[in-house]
Structures are given as structure tokens and as C-alpha cells.
Amino acid sequence: MNTLLQYILVQRAKAKLKGKKAIAKRQLVKEVRYGQVEFVHAIKEILFIAIGVGAAGFGLKGFLLPNHFIDGGATGVSLLIQVKSNIPLGVLLLLVNIPFVLLGAKTISKKFALKSIFAIVALALVVHFVSYPIITSDKLLIAVFGGFFLGLGIGMAMRGGSVIDGTEVLAIYLSRKWHLTIGDVLLLINIIIFSAGAYLLSIETALYAILTYLVAAKTVNYVVDGVEEYIGVTVISPNNEEIRIMLTEKMGRACTVYNGKGGYSKDGIARINQDIIYTVMTRLELARLSTEIDKIDKNAFIVMGVVKDIKGGMIKKKPLK
């Protein structure tokens with residue numbers, strides 16, 4: 001570790017433990033390690049947000065803005081107002097997103113709101129001061145690649161723990177109030193925006209805006225959830241030990257075994273205790289897993305569910321055998 005950084009972390013740890021009568025060396029080391037982890041994560045978050053701001057700025061100024069295209073969400077509202085009023089987009093991005101950021105401070109956390117303010121201000125400055133080349137005038141390419149770079153920017157900012165489009169915050173808030181899913185609320189908001197675009201601009205522009213939004217939304221999903229899709233697999237079988245050995249030795253995958261009990265039994269018959277196996281696979285490995293389980297028990301009960309992301313364990317470190 002850099003000597004200056006180490007000194008700063010030690011002083012920070014001492015300041016946090018100052019109220020205690022005697023500071024044990026173990027406590028100090030633990031607090032320094034916490035500070036180091038927080039510092040590394042903060043650098044990663046800033047890097048994600050910086051990349052996100054650059055990508056979103058490129059999508060806006062290189063594709064959408066010069067050709068009077070709009071998108072969904074707060075960015076779409078800003079673009080729509082800019083097209084009709086000629087107010088600088090950087091100013092509009094700040095004004096439109098401020099209410100959502102304040103709502104985020106109440107709904108999520110103040111730290112999230114501060115990072116979002118930083119990201120939105122950075123995007124506004126980039127859009128206002130940075131000159132990007134205009135890439136194309138082809139409407140289809142504008143919709144697709146404008147949406148891609150805007151979605152990349154939004155997704156990277158989300159990976160950094162912030163937003164540059166505040167409608168996600170509004171969707172979270174309204175979903176709790178109205179008992180709807182976040183996706184339903186976002187769809188409702190964007191229907192209103194695209195309808196306004198069709199009325200104020202043209203139906204063709206609104207249709208291209210829908211295409212831009214769909215590309216951006218799909219890109220956000222890839223960036224936030226990862227290109228590799230992980231599947232959590234739960235296996236219930238009398239041959240659970242054989243399946244465990246197959247997973248760990250034949251496929252080279254880790255698993256967790258926990259005890260369960262059958263929920264159904266006939267009168268007078270005790271419910272069966274049984275070990276349940278849980279593992280995580282990439283979607284590409286499922287065919288091999290299904291084949292291997294069928295070899296052991298064709299009647300095994302298997303439950304699969306999408307896992308957004310994973311950390312630790314063997315799956316990202318150890319290749320499939």
C-alpha cells in the first residue's frame with residue numbers, strides 16, 4: 001500500500017476510535033482494513049460513474065441531440081423540452097433530475113443522492129462543454145447506437161451506485177405506493193413521454209424514440225446484470241450424495257447442501273428428511289448439468305432461477321471440467 005495512503009487510513013482509523021479509552025492494535029488494524037476496502041470501492045464507483053458520464057454524453061451529443069431525437073425517462077423529457085425551447089440540455093438535465101434526486105435521498109439514501117448529484121452535474125457539464133463528433137444522420141443508426149451509448153452510460157452509473165436518469169427513483173417510490181412493479185411504473189412513465197413526443201414532434205420521431213429506449217434498456221440490463229447470466233439450481237433427489245459428488249468432482253463446481261423435510265405425507269407416515277443441493281451455473285452449463293443429473297436420477301426435482309450476479313466462490317475462478 002502507498003505510504004501516504006496508509007498514513008491517511010491509520011489517522012482516519014484513530015479518529016474513528018478516538019472515543020475509546022484504550023485502542024487495541026487488533027481494533028486499529030481492523031479499522032484500517034475497513035478504510036482500505038471503502039477507499040478501493042470508492043475509486044471503482046468513481047471510475048464507473050466517469051465512464052458512464054462519458055458514454056451517455058457521446059450518445060446524446062454524437063447521435064440523439066444533433067438529430068432532434070428523444071429517449072425515455074428524465075433524459076427524454078430534457079431532450080423534448082430542449083427541442084421545443086432551445087434551452088441548453090445541460091441545464092435541463094439538472095432541472096429535470098433534481099426532484100428525482102431529492103426523492104432518492106428520502107427513498108434510498110443520502111449517499112446515493114450525493115453520488116447521483118455528482119453524476120448528473122458531471123453529465124450536464126460534459127454535454128454543455130465537450131464537443132463530440134456527429135457520427136451519422138441515418139435515423140436507424142441514430143436510434144440504435146444513440147440508445148446503446150446512452151444505456152451504457154446509465155448502466156455504468158448504476159454500477160457506480162448512482163443514477164443519471166432519475167425516473168428509476170420515481171419508479172421505485174411509486175411502486176411502493178401503488179403496489180405495482182418497477183417495470184410497470186417505468187412503462188407508464190415512458191408511454192406518457194412518447195405520447196407527448198408524438199404530439200409535439202411527430203409520430204415517426206416517437207417511434208424512433210421507442211426503439212432508442214428499447215436498445216438503451218437492453219444495454220442497461222447487460223451492463224448491470226452482466227453478459228453472463230447465472231442460474232441458481234436447487235436439486236432434490238434421494239441420490240443427493242451422488243449428485244453432490246458429480247458436481248464437485250466431475251463438473252468442478254461448488255455446491256451447498258442443507259437439510260430439508262418433505263411437506264406432504266399420508267396419515268400416520270412421518271415426513272421424509274432429505275438433503276437438498278444448491279449450486280450456481282452459467283446458462284451455458286445447464287445442458288451438461290441436466291445430462292449428468294439424468295444419468296443419476298431422471299425423477300430428480302430441479303428448480304432453476306436467474307441470479308443477477310455473484311461474488312466469491314469458485315464459479316468465476318474455476319473453468320468447467
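Every heavy atom of this structure was used, including side-chain atoms; hydrogens, water molecules and symmetry mates were not.
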Minimum heavy-atom distance [X]-[Y], with the two atoms named:
X	Y	result
V215	G147	CG1-C, 3.9 Å
Y278	T234	CD1-OG1, 3.3 Å
A55	L152	CB-CD2, 3.9 Å
A56	L123	CB-CD1, 3.9 Å
V233	M304	CG2-CG, 4.3 Å
I193	G76	CG2-C, 4.4 Å

**Message:** M246 vs E241, test: side-chain contact (heavy atoms from CB on, under 4.5 Å). Steps then yes/no.
**Reply:** CA-CA 9 Å; M246 177 272 293; E241 182 61 18; over 6 Å; no
Heavy-atom side-chain contact between [X] and [Y] under 4.5 Å:
X	Y	value
R253	T248	no
K139	N67	no
S237	I296	no

**Message:** Test: salt bridge (Lys or Arg N to Asp or Glu O under 4.0 Å). Region: residues 101-129. Which pairs qualify, not counting sequence neighbours?
**Reply:**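 As it turns out, the salt bridge (Lys or Arg N to Asp or Glu O under 4.0 Å) pairs with a partner in residues 101-129, which skip direct neighbours, are E45-K115.
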Looking at [Y], is its backbone amide N or carbonyl O close enough to the side chain of [X] to form a donor-acceptor pair, meaning the two atoms are under 3.5 Å apart?
X	Y	value
N240	Q274	no
T291	A287	yes
N239	E242	no
T136	F63	no
S290	L286	no
K61	V130	yes
T212	D71	no

**Request:** Please lay out, stage by stage, how V280 and I231 fare under the test side-chain contact (heavy atoms from CB on, under 4.5 Å).
**Result:** CA-CA 6 Å; V280 178; I231 308 295; over 6 Å; no
**Prompt:** With F39, which residues qualify under side chain to side chain contact (heavy atoms under 4.5 Å, CB included), at least two apart?
**Reply:**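 Once residues adjacent in sequence are excluded, the partners of F39 under the side chain to side chain contact (heavy atoms under 4.5 Å, CB included) criterion are L5, I43.
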**Request:** Output every pair passing ring pair (Phe, Tyr, Trp, His ring centres under 6.0 Å) with a member in residues 90-122, not counting sequence neighbours, ordered by first then second residue.
**Result:**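 Residue pairs passing ring pair (Phe, Tyr, Trp, His ring centres under 6.0 Å), neighbours aside: none found.
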**Complete:** Residues pairing under ring pair (Phe, Tyr, Trp, His ring centres under 6.0 Å) where one sits in residues 125-146, two or more places apart or in two chains, turn out to be F58-Y132
**Request:** Linking directly or through intermediates, with side-chain heavy atoms under 4.5 Å: list the remaining ILVMFWY members grouped with L102, chain and number order.
**Result:** I98
Answer yes if [X] and [Y] sit in the same cluster of Ile, Leu, Val, Met, Phe, Trp and Tyr residues linked by side chain heavy atoms under 4.5 Å apart, and no otherwise.
X	Y	value
I120	I189	no
L95	V77	yes
I134	L60	no
M281	V257	yes
L92	V101	no

**Item:** Working for side-chain contact (heavy atoms from CB on, under 4.5 Å), residues I46 and F48
**Value:** CA-CA 5 Å; I46 291 170; F48 280 137; over 6 Å; no
**Message:** Would R159 and V223 count as a side-chain contact (heavy atoms from CB on, under 4.5 Å) here? Give the steps.
**Reply:** CA-CA 8 Å; R159 290 291 291 267; V223 173; 4.2 Å; yes
How far does [atom1] of [X] sit from [atom2] of [Y], to the nearest 0.5 angstrom?
X	Y	atom1	atom2	result
I277	C255	CD1	SG	5.5 Å
T75	N97	OG1	CG	6.5 Å
N273	K261	CG	NZ	5.0 Å
L201	Y208	CG	OH	14.5 Å
T256	I276	OG1	CD1	12.0 Å
I142	F69	CD1	CZ	4.5 Å

**Request:** For a side chain to side chain contact (heavy atoms under 4.5 Å, CB included) with L89, tell me which candidate from V83, L65, L64 qualifies.
**Result:** L65
**Prompt:** Can you name the residues that form a side chain to side chain donor-acceptor pair (under 3.5 Å) with T167, not counting sequence neighbours?
**Reply:** D165
**Request:** For I203, look at atom CD1 and say whether over 12 heavy atoms of other residues, nucleotides or ligands are found less than 6.0 Å away.
**Result:** no
**Request:** Inspect the surroundings of CG in L141 and state if more than 12 heavy atoms from other residues, nucleotides or ligands are less than 6.0 Å away.
**Result:**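 Yes, enclosed.
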**Item:** Lys/Arg N to Asp/Glu carboxylate O, E285 vs R288, below 4.0 Å
**Value:**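 Not counted as a salt bridge, because no side-chain N and carboxylate O are separated by less than 4.0 Å.
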**Message:** Checking T205 against S202: is there a side-chain donor and acceptor pair closer than 3.5 Å?
**Reply:** yes
**Asked** Would D275 and Y258 count as a side chain to side chain donor-acceptor pair (under 3.5 Å) if you check the C-alpha gap in whole Å, the side-chain angles of each, and the deciding distance to 0.1 Å?
**Response** CA-CA 6 Å; D275 285 341; Y258 55 96; over 6 Å; no
